[in-house]
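Inspection log for the structure reproduced underneath, given as structure tokens.
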There are 2 protein chains.
Amino acid sequence: MGNMKEKIKYVSIDLFFKKGYFATSVSDIARGSGIQKASMYYHYPSKEELLFSILKSTMDDVTAYLKNSISGIRNVEEQMRTAVQSHVRFHLDRQKENFIANSELRGLTQDHYRIIVKKRYEYERIFQNIIQKGGEQGIFVKDDVKILSYAILTLCTSGASWFKPTGRLTVDEIAAIYEKFIINGLKQGQVWSGAT
Amino acid sequence: MGNMKEKIKYVSIDLFFKKGYFATSVSDIARGSGIQKASMYYHYPSKEELLFSILKSTMDDVTAYLKNSISGIRNVEEQMRTAVQSHVRFHLDRQKENFIANSELRGLTQDHYRIIVKKRYEYERIFQNIIQKGGEQGIFVKDDVKILSYAILTLCTSGASWFKPTGRLTVDEIAAIYEKFIINGLKQGQVWSGAT
DNA sequence: GTCTATAATAAGATAGAC
DNA sequence: GTCTATCTTATTATAGAC
């Protein structure tokens, strides 16, 4: 809390999550941070740069977290299980930022938009590679890799839109359900075995 | 196009989808509709009422479409297959409205918000009932019914955020992939059979 | 049913004092 | 590094003519 720049970011994440980026004014952010709105411009050159700063660090962190989680795992099914766990955990632990990173891209300038979309693309590629390998090894279905990756990612990401830390289920329980559902979905079920 | 009220709605759906509700001004809507912004207020009492009108008709239509699709089907697995197909098709056919219905709820007044959320709850209940029955009959996993329903719904709904009518895959192909993935996910895979 | 004109307000951002 | 004061512009919405 000693760092006002961090405090502004923290307050903004909360407000952007609750009200949305466009519905949040610089006055709102300043009020939440305990400063005047002009003071915000000392720390960030504009409201859009503040949004970009949030999205950038979120994307960098989620990718680092995923890479660290799956590093050293050779078995493809185990890679996918771990990747799903990693994705779910990060998205539930840092729920607000992730929600913003998935809903407020339209608030960015074109240049900033491109940077974030590129980062997201790299993140998705990690999942697509695992699905691809699983298909080649015959342990996963051979459906369209991109569609499957979007399906898996949005499925878990959506948790960030309804999850309540004080709710009925823990992060562990939710992660377990998703992991199971996705692995079942990716593997050949009895009904489909041999018929692709 | 003879009906200006409908044209305003049509134009607004397009703009809310592309720019978002808060980032779209009444001037933008008027410009797109070929009228002056004051004229919009003859058709809708406010910008918020216009948003509400869009969300209300979307929710009513999607529920009617689903109910009609699954009516008469007794087999639970077949019900889920049909429900998934129905959900995917409606969301891809009326992509923009559905995207708005899932992302712009914060633009509503409290009263309108409650009405829409209640409609969405009723829609989700239909899926939850099918999952529940499938669990009781032993053909689906017995995991948390709500979580599974959210997973299934957001998975398909997310299609509305990346689908391009001119893209690589047709609605039929996407629906088939999702149906397969979800049924596989809901059924006991080899790995999990007997271990719940 | 659509127009012009305008009210009332709030927005993002800057200047310059301290 | 934070303040007060202010500029400029855009916003939602209304009044009243046609």
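Just so we're on the same page: letters track the sequence lines, and every chain starts at 1. Values reported hereafter were calculated over all heavy atoms of this structure, with side chains retained and with hydrogens, waters and symmetry mates removed.
In this structure, B:E77 pairs ionically with B:K187, as a charged nitrogen and a carboxylate oxygen lie closer than 4.0 Å. A:D172 and A:R89 are joined by a salt bridge, as a carboxylate oxygen and a charged side-chain nitrogen come within less than 4.0 angstrom of each other.
As a whole-Å value, the separation of B:Y44 OH from C:dT2 C1' is 16 Å. One interatomic measurement links the two molecules: CE of A:M40 to P of D:dT2, which rounds to 12 Å at whole-angstrom precision. Going from atom CG of B:L50 over to atom C1' of D:dT12 covers 13 Å, rounded to whole Å. Atom pair A:Q36:CD and D:dT2:P shows a separation of 11 Å (rounding to whole Å applied). The interatomic distance linking A:K47 (NZ) with D:dA10 (P) rounds to 16 Å, in whole Å. Per the geometry, OH belonging to A:Y41 stands 9 Å off C1' belonging to C:dA11, to the nearest Å. One interatomic measurement links the two molecules: NZ of B:K19 to C1' of D:dA10, which rounds to 12 Å at whole-angstrom precision. In this structure, CD of B:E49 is placed 12 Å from P of D:dT14, rounded to the nearest angstrom.
From B:I70, atom CD1 reaches atom CG of B:N129 across 9.0 Å, with rounding to the nearest 0.5 Å.
Checking C:dA13, D:dA5, D:dG1 against the side-chain heavy atoms of A:Y42 singles out D:dG1 as nearest. Checked against C:dA11, C:dT2, C:dA13, the side chain of A:S27 finds its nearest nucleotide in C:dA11. With distances taken from any side-chain atom of A:K37 to the nucleotides D:dC3, C:dC3, D:dT6, the minimum falls on D:dT6. Among the nucleotides C:dA13, C:dA15, D:dT12, the one closest to any side-chain atom of B:V26 is D:dT12.
Within the nucleic acid shown, A:T24 comes within 4.0 Å of sugar-phosphate atoms alone, with no base atom in reach, counting heavy atoms only. Heavy atoms of A:S25 sit under 4.0 angstrom from primed sugar atoms or phosphate atoms, though from no base atom.
Mapping A:D28 and A:P45 onto DNA chain C by nearest heavy atom places A:D28 at the nucleotide closer to the 5' end.
For B:R74, there are no salt bridge (charged side-chain N to carboxylate O under 4.0 Å, His left out) partners at least two apart in sequence or on another chain.
Within the cation-pi definition used here (under 6.0 Å to the ring centroid, within 45° of the axis), B:K47 qualifies as a partner of B:Y21.
B:S39 has a side-chain polar atom (N or O) that falls below the 4.0 Å cut-off from OP1 or OP2 of C:dC3.
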